[in-house]
Protein chains: 2
Amino acid sequence: MVRMISSAIPDFAVRLRAAGLRPTRQRVALARVLFEGGDRHVTAEGLHAEVKATSHRVSLATVYNTLNQFRDAGLLREVVVAPGRSYFDTNMSHHHHFFIETDGELHDFPSDKVTVAGLPTPPKGTKLSRVDVIVRVRR
Amino acid sequence: MVRMISSAIPDFAVRLRAAGLRPTRQRVALARVLFEGGDRHVTAEGLHAEVKATSHRVSLATVYNTLNQFRDAGLLREVVVAPGRSYFDTNMSHHHHFFIETDGELHDFPSDKVTVAGLPTPPKGTKLSRVDVIVRVRR
DNA sequence: CAAGCAGATTAGAATTATTCTAAAAGGTGA
DNA sequence: TCACCTTTTAGAATAATTCTAATCTGCTTG
């Protein structure tokens, strides 16, 4: 019998290897939580709690290591909007953020319609890395 | 003899009282470092080192307390651009930031010329707090 | 498909930034 | 000056993150 390979089921091992990362059990478990389903924002603690709920044992240190590796590999983007904690965003397309200061929630919004005009030129000897627009709101 | 009161010498005690803060020795010493001279960006540790260099003894805890109080009183603005540490900006006019990621330096740029158009409306039940534009560059 | 090795994981200690605590000191109105 | 309430302080505590050193595991090779 021929086995059906559904392209609808994302193969995280392949995806990790493509990013130059060995597909270990914990990295695959974390990738599953992060990348199946839509775009998300996680903190290290939050992701750790979530992966534990899937009955995979992953240490908090590994969650931190993995988040940093995923970010370095271009699978995640780190977002710093509040003192003390980092958020990691699975949406790698060009976009900006709403930050609800009163409850620490972060939401994407597409940059399609957003225009930032009149920015000064970067200081000499520097090259542009990216432009972040953070819309801070309160409840 | 009539004493001359020069308006060119900023009276930090008065300024603090106007902001609802008692002008204690350490608050005045910190205000002097922060507000005499042009706009600046400081971290708690950096400010602590600077004030010690003026031969005033101010504990690190007081530096933290004071930065938070000054921020709450509208004398400073907190800027969060990098994980782990907060910057405090003495420039309270409307402006944005360059952040030189490679060496952690922060620079203002005026928002006169900058236009941010096409922002989506804030989520229901929230009101706009402010819009930050951070231009990240690397050496 | 066993062996070996480089890379990954882990628990717990360490580090860093910041806040808290409780006691001592200081600013201020009467 | 006194009394009172606020501030300051040293050091302990907390929170987020990184480090360490030992153990484990993918993966390549024979």
Side-chain angles (χ1 to χ4, degrees), chain A residues 11-33 41-52 54-73 75-76 78-88 104 106, chain B residues 11-33 41-52 54-73 75-76 78-88 104 106:
Chain A
D11 187 333
F12 292 108
V14 169
R15 213 164 141 186
L16 290 176
R17 234 184 244 103
L21 296 166
R22 286 223 288 218
T24 63
R25 283 196 246 98
Q26 22 292 10
R27 293 213 271 232
V28 171
L30 290 167
R32 209 183 296 284
V33 173
H41 300 97
V42 299
T43 60
E45 289 282 356
L47 179 58
H48 186 225
E50 277 191 67
V51 77
K52 270 196 298 196
T54 69
S55 76
H56 287 93
R57 281 185 299 302
V58 181
S59 74
L60 184 57
T62 295
V63 173
Y64 275 102
N65 291 339
T66 303
L67 285 172
N68 290 332
Q69 291 151 5
F70 283 12
R71 179 202 52 215
D72 294 345
L75 301 173
L76 287 177
E78 186 169 3
V79 183
V80 183
V81 286
R85 66 171 1 82
S86 273
Y87 293 80
F88 290 85
L106 199 57
Chain B
D11 188 332
F12 292 108
V14 169
R15 216 165 139 186
L16 291 176
R17 235 183 242 105
L21 297 167
R22 285 226 288 215
T24 63
R25 284 196 241 99
Q26 21 296 312
R27 295 212 270 232
V28 171
L30 290 167
R32 210 183 295 284
V33 172
H41 300 97
V42 300
T43 60
E45 288 284 356
L47 179 59
H48 187 224
E50 278 193 66
V51 78
K52 271 197 297 198
T54 68
S55 75
H56 287 91
R57 283 184 297 302
V58 181
S59 75
L60 184 56
T62 295
V63 172
Y64 275 102
N65 291 338
T66 303
L67 285 171
N68 290 333
Q69 290 153 173
F70 282 13
R71 178 203 52 216
D72 294 345
L75 302 172
L76 287 177
E78 186 168 5
V79 183
V80 182
V81 286
R85 66 172 359 83
S86 273
Y87 291 80
F88 290 85
L106 199 58

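Remember, predicted model here, so these are calculated numbers, not experimental data. Each chain gets a letter, A, B and so on, in the order its sequence line appears, and its residues count up from 1.
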Q: Whole-Å distance between D/dT9 C1' and B/R57 CZ?
A: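 The answer, rounded to whole Å, is 12 Å.
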
Q: To the nearest Å, how far apart are B/R22 CZ and C/dG27 P?
A: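 Taking CZ of B/R22 and P of C/dG27, I get 8 Å after rounding.
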
Q: Would you tell me if any nitrogen or oxygen in the side chain of B/R17 comes within less than 4.0 Å of OP1 or OP2 on C/dT28?
A: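 Answer is yes, contact under 4.0 Å.
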
Q: When B/L30 is tested against each of B/V42, B/V63, B/T54, B/L16 for side chain to side chain contact (heavy atoms under 4.5 Å, CB included), which residue passes?
A: B/V63

Q: Please give, in whole Å, the distance from C/dT10 C1' to A/L30 CG?
A: 14 Å

Q: For B/N65 and for B/R25, find the nucleotide of DNA chain C with the closest heavy atom, then tell me which residue's nucleotide is more 5'.
A: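 Result: B/N65.
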
Q: Please tell me which of the listed nucleotides, D/dT9, D/dT17, C/dT10, lies nearest to the side chain of A/S59?
A: C/dT10

Q: What is the distance from CG of B/N68 to P of C/dT18, rounded to the nearest Å?
A: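 To the nearest whole Å, that distance equals 9 Å.
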
Q: For the pair A/V58 and A/R27, evaluate side-chain contact (heavy atoms from CB on, under 4.5 Å) and give the outcome as yes or no after the intermediate values.
A: CA-CA 9 Å; A/V58 181; A/R27 293 213 271 232; over 6 Å; no

Q: Whole Å only: how far is the NE2 atom of B/H48 from the P atom of D/dT8?
A: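 B/H48 atom NE2 is separated from D/dT8 atom P by 13 Å.
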
Q: Rounding to an integer number of Å, can you tell me how far A/Q26 CD sits from C/dG7 P?
A: 17 Å

Q: Give a yes/no on whether any side-chain N or O of A/T62 is located under 4.0 angstrom from OP1 or OP2 of C/dT10.
A: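 Checking C/dT10 against A/T62, a side-chain N or O does come within under 4.0 Å of OP1 or OP2.
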
Q: Can you tell me if the side-chain N/O atoms of B/Y64 get under 4.0 Å from OP1 or OP2 in C/dT19?
A: no

Q: Nearest to the side chain of A/S86 - D/dT17, C/dT9, C/dG12?
A: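 Among the listed nucleotides, the one closest to the side chain of A/S86 is D/dT17.
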
Q: Look up atom CZ in A/R57 and atom CZ in A/R25, then write down how far apart they are to the nearest 0.5 Å.
A: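 Here the interatomic distance stands at 9.0 Å.
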
Q: Check the phosphate of C/dA17 against B/T43, side-chain N and O only, distance under 4.0 Å to OP1 or OP2. Yes or no?
A: no

Q: Does any part of the side chain of B/T43, heavy atoms only, come nearer than 4.5 Å to the side chain of B/H48, both counted from C-beta?
A: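 SC-SC contact between B/H48 and B/T43 ruled out.
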
Q: Do A/T66 and A/Q26 have side chains that get closer than 4.5 Å, going by heavy atoms?
A: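 In short, these two side chains do not touch, never coming nearer than 4.5 Å.
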
Q: Which one, C/dG12, D/dC27, D/dT17, comes nearest to the side chain of A/A44?
A: D/dT17

Q: Starting at the 5' end of DNA chain D, which residue's closest nucleotide do you reach first, A/R85 or A/P23?
A: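 Here A/R85 is the residue nearer the 5' end.
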
Q: Starting from C1' on C/dT18, measure out to CG on B/L67 and report it in whole angstrom.
A: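 Rounded to the whole Å, the gap is 11 Å.
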
Q: Would you mind reading off the distance between B/F88 atom CZ and C/dT18 atom C1', rounded to a whole angstrom?
A: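 Atom CZ in B/F88 sits about 10 Å away from atom C1' in C/dT18.
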
